[in-house]
Amino acid sequence: LHALSDSGLVLFLYYSRDRDEIFVRMAADEVHLRQVAEGIRYKLELKPQYFSAFAEYKNDYVGRRELSYSDRCVVSHLYKTHAESSKEASGAYPQSGAIFRTTDRIRLIDHILGSMDHGCAGADLGQLMHDGDLLHYFPLHENSALSKMDQDWFRCFVSGTGVDKVRDYFGERIALYFLFMSHLNRWLVAPAVCGILLSVIELCVGTPDNITSIFLCLGMGGWSVLFAHFWRRKAATHTSKWGTLGMGKQLEPTRPHFAGSSAINPVTGRVDRYYPWSERIKKVVSSFSVLCVAVVILVFMTLVLFALRHIMHPGKTRILWQIVNALFVEAMNSAFTYVAKRLTDRENHRAYSEYQNHLLAKTVIFKFVNCYISLYYIAFMKQGHTLFALPMHCVNGDCLNDLGSQLAIFMIMRLTVQNFLELGLPWLAQYIRDMKEQRAFNTSLFGGALTVMPDLSQAERQSKREDYDVYGDMDEVLILYGYTTLFVVACPWVPLLALLSSVLECFLDQKKLVLLHRRPFPMTASNNEPWDSAFDVFGILAMVTNTAVIVFTSKAFQGMTAAHKGLLFLGIEHLMLFGRLMVSFFLPAVPEKVRLLQMQQAVMVHRHLNLNGEEEDQEARTQAMMTSQVPPPYVHDMDDEQEDG
């Protein structure tokens, strides 16, 4: 605490309600924040007349007295102000410190707290949390800002038109997640409308295996291979506006759960925990060995379900067995997510990005097999084959009909049960914690018949919540995306369910962030990697799968030989990939207007913030110089010199 106070932070300490914890609220004055921002070269947004470029913060330079302050440089008027009051919004001169957004203040205070720079506290938060001396470390929610976003939740979290508010409050990482969801929502509208029309035709024909499936295959194939590419273009446009486009890899703090021996960190030069790579690779290999065994067991259990369905019931309770299969899939997803987290914890990764990448590798492989193996089996291996010496066949010999009903049940299960559990389980956990605290208070020395348990402070109330991790939400969206695109030819109205599920997911995630989770630390990000690559791979798999379903499973090309079907499949698949390459060539991932804007911003930053640069806006410069406090120029007096002589 002495180190925190000496670093210039303003501290406010108080006990928890049960007096078993101490809360420390921290703040910093504007002068200190400006000094730290200049010291670490923190980038702030310039005014719109300077193309809203992001530049390193610099304090005004008063100049040298011996030059009569002719080298004076005033740049404070260049930075954009973030005024919130009505007086400032009406055009009045903003208050001091208005150049910092709330997320900027949080990041600067975090640097003061953890850095070893001069004037900083140098606290090792990861080690403190690892040792149990620090339980939680988080920024507090702002009720007024949350209320505004809650009232405008559709624009902020669904349509994406108000995503800048999300970015200013939660940071770029979470803003990119909701921007991605808005991109998905917009792109699902056209397939949903077309799917409804094709479903009407399917009802009239009695099967999805009709002439429209060919056009649906080509359309959704192109849609799936272009979705991730146009998302990258949209992300580049927004991250250029947020100043994070092209941001390099940054040094990450050590995870609190990371264990190791004490050693000098070669990057930071401070004592840190060290864990040898040779020990970690052994655990990584064992983790993937467990994954391989789990996948084999999963495949066997899935095939057993199909065999039991064939033995116990030849045809009348088909829907019931498909519901059982969907419940089995969701249960296995939850079980392996728990196992994957334990395996990744055992690998003992230092940084959060390493931890999430290894966790993603395990869960994507397992969940891809778990969620889609039933659909692949129905589409390509069920009709005319045997399973455990039992002859297998699709209902009425139409595998697309069987495939469509199973896919629809998977989607309905995720739309109802999964979303209910996603919001209900955290709420139930919080309710149980509150009940336990109430019972503990009643049985404590403070409890009594006439004693009323006092209300929690805002900080203590938020400390009882769980940490928010965008990983779980992106994982659910990836599974939803696979259900939507991989076998859409068998169930054309699945995009409509996906659109409803996506909008509901945005609403539930917004409620979770506001009501059930602590405010996450505002992380900067330039993209959604590694999820962008995962969606790109799923898009290509969807194109290949739908083409294979049309060519090999449907009756559209049943008169062709196997060789001709193979050539047709390769032709369609290569044609779509070639189209993707052409689109990438003429419409690159970073739009040309964004590249031009970046060059214009670089020129503006060099011209107006370089001490030797030219300032074209003389009126703004003169006004800023008149309002800044600078010592009067030194005047050389010859009479004083003669008296001294």
Side-chain angles (χ1 to χ4, degrees), residues 84 101-103 106 138-189 192 231 234-235 238-239 242 411 414-431 458 461-481 484 496-525 527-528 531 535:
E84 295 182 358
R101 297 175 295 120
T102 303
T103 51
I106 293 173
F138 59 93
L140 291 175
H141 276 299
E142 302 171 66
N143 294 329
S144 59
L146 283 180
S147 177
K148 292 179 181 178
M149 285 192 293
D150 190 45
Q151 294 173 0
D152 200 19
W153 70 272
F154 190 85
R155 293 182 65 253
C156 293
F157 299 98
V158 179
S159 67
T161 53
V163 74
D164 288 338
K165 296 181 181 179
V166 181
R167 176 249 177 178
D168 290 337
Y169 188 85
F170 291 109
E172 287 80 10
R173 171 63 68 187
I174 293 179
L176 279 172
Y177 165 68
F178 284 104
L179 182 66
F180 176 83
M181 294 300 294
S182 68
H183 178 71
L184 178 62
N185 294 335
R186 291 175 183 271
W187 271 61
L188 282 174
V189 172
W231 153 245
K234 186 172 185 176
H238 280 76
T239 52
W242 297 340
M411 288 292 296
R414 294 201 66 84
L415 183 62
T416 55
V417 177
Q418 183 64 28
N419 286 322
F420 174 77
L421 294 177
E422 180 182 355
L423 188 64
L425 290 181
W427 179 86
L428 181 61
Q430 183 174 340
Y431 177 78
Q458 181 184 8
R461 189 182 306 113
Q462 295 181 24
S463 69
K464 305 298 182 183
R465 302 177 181 178
E466 298 292 335
D467 287 324
Y468 176 77
D469 188 3
V470 73
Y471 173 90
D473 292 331
M474 288 297 296
D475 182 60
E476 293 178 8
V477 176
L478 182 63
I479 295 175
L480 174 68
Y481 182 76
T484 307
L496 176 62
L497 285 180
L499 178 60
L500 296 176
S501 181
S502 180
V503 173
L504 182 60
E505 181 74 20
C506 293
F507 176 77
L508 294 179
D509 292 342
Q510 178 254 343
K511 291 301 180 184
K512 287 194 304 182
L513 273 172
V514 174
L515 301 176
L516 300 176
H517 292 277
R518 290 188 284 266
R519 182 178 182 177
F521 188 85
M523 301 294 295
T524 58
N527 50 54
N528 270 338
W531 296 101
F535 279 94

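Quantities reported herein were computed from a predicted structural model and do not represent experimental measurements.
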Inset, instruction - Sequence neighbours left out, what passes side-chain contact (heavy atoms from CB on, under 4.5 Å) with Thr161? Give chain and number order. - result: Arg155, Ser159, Arg186
Inset, instruction - For this output row, return yes or no: ring centroids of Tyr468 and Phe170 closer than 6.0 angstrom. - result: no
Inset, instruction - Drop me the distance from Leu516's CG to Lys464's NZ, to the nearest 0.5 angstrom. - result: 16.0 Å
Legend entry - Distance-minimising heavy-atom pair for Leu480 and Ser502: CD2-N, 4.3 Å
Inset, instruction - Could you tell me which non-hydrogen atom of Arg167 sits nearest to which non-hydrogen atom of Trp242, and how far apart they are? - result: NH2-O, 3.2 Å
Inset, instruction - Find the distance between SG (Cys506) and CG (Leu184) and round it off to the nearest 0.5 Å. - result: 8.0 Å
Legend entry - Any side-chain heavy-atom pair of Phe507 and Trp153 under 4.5 Å: yes
Inset, instruction - With the side chain counted from C-beta on, respond yes when Asp467 and Arg518 share a heavy-atom pair under 4.5 Å apart, and no when they do not. - result: yes
Legend entry - Check: Ser182 side chain, Leu179 main-chain N or O, donor-acceptor pair, under 3.5 Å: yes
Legend entry - Residue pair Leu176 / Val163, side-chain heavy-atom distance below 4.5 Å: no
Legend entry - Any donor-acceptor N/O pair, Glu505 side chain to Glu476 backbone, under 3.5 Å: no
Inset, instruction - Any chance you could measure Thr484, atom OG1, to Ile479, atom CD1, to the nearest 0.5 Å? - result: 11.5 Å
Inset, instruction - Assess Arg519 against Tyr169: is NZ or CZ under 6.0 Å from the centre of the six-membered ring, and within 45 degrees of the ring's axis? - result: yes
Legend entry - From CG (Leu508) to CG (Leu515), nearest 0.5 Å: 11.0 Å
Legend entry - Chi angles and distances behind the side-chain contact (heavy atoms from CB on, under 4.5 Å) call for Leu415, Leu504: CA-CA 8 Å; Leu415 183 62; Leu504 182 60; 4.2 Å; yes
Legend entry - Minimum side-chain heavy-atom gap Arg465-His141 below 4.5 Å: yes
Inset, instruction - Mind checking salt bridge (charged side-chain N to carboxylate O under 4.0 Å, His left out) for Asp164 and listing every partner two or more places apart, or none if nothing turns up? - result: Lys241
Inset, instruction - Working to the nearest 0.5 Å, report the span between CG of Asp168 and NZ of Lys165. - result: 10.0 Å
Legend entry - Shortest non-hydrogen contact between Thr103 and Gly171, atoms and distance: CG2-N, 4.2 Å
Legend entry - Test: Lys512 and Asp509 ion pair at under 4.0 Å: yes
Inset, instruction - Check whether the ring centres of Phe138 and Phe521 lie less than 6.0 Å apart, and answer yes or no. - result: no
Legend entry - Between Trp531 and Tyr471, ring centroids under 6.0 Å: yes
Inset, instruction - Write down the atom of Met181, the atom of Val477, and the distance for their closest heavy-atom approach. - result: SD-CG2, 3.5 Å
Legend entry - Distance, nearest 0.5 Å, that separates CD1 of Ile174 from CG of Asp473: 9.0 Å
Legend entry - Sub-4.5 Å side-chain heavy-atom contact between Pro520 and Leu513: yes
Legend entry - Check: Ser501 main-chain N/O paired with Arg414 side-chain donor or acceptor under 3.5 Å: no
Legend entry - Parallel, tilted or perpendicular, as decided by the 30° and 60° cut-offs, for the rings of Phe180 and His183: tilted
Inset, instruction - Please check if the distance between the ring centroids of Trp231 and Phe535 is under 6.0 Å. - result: no
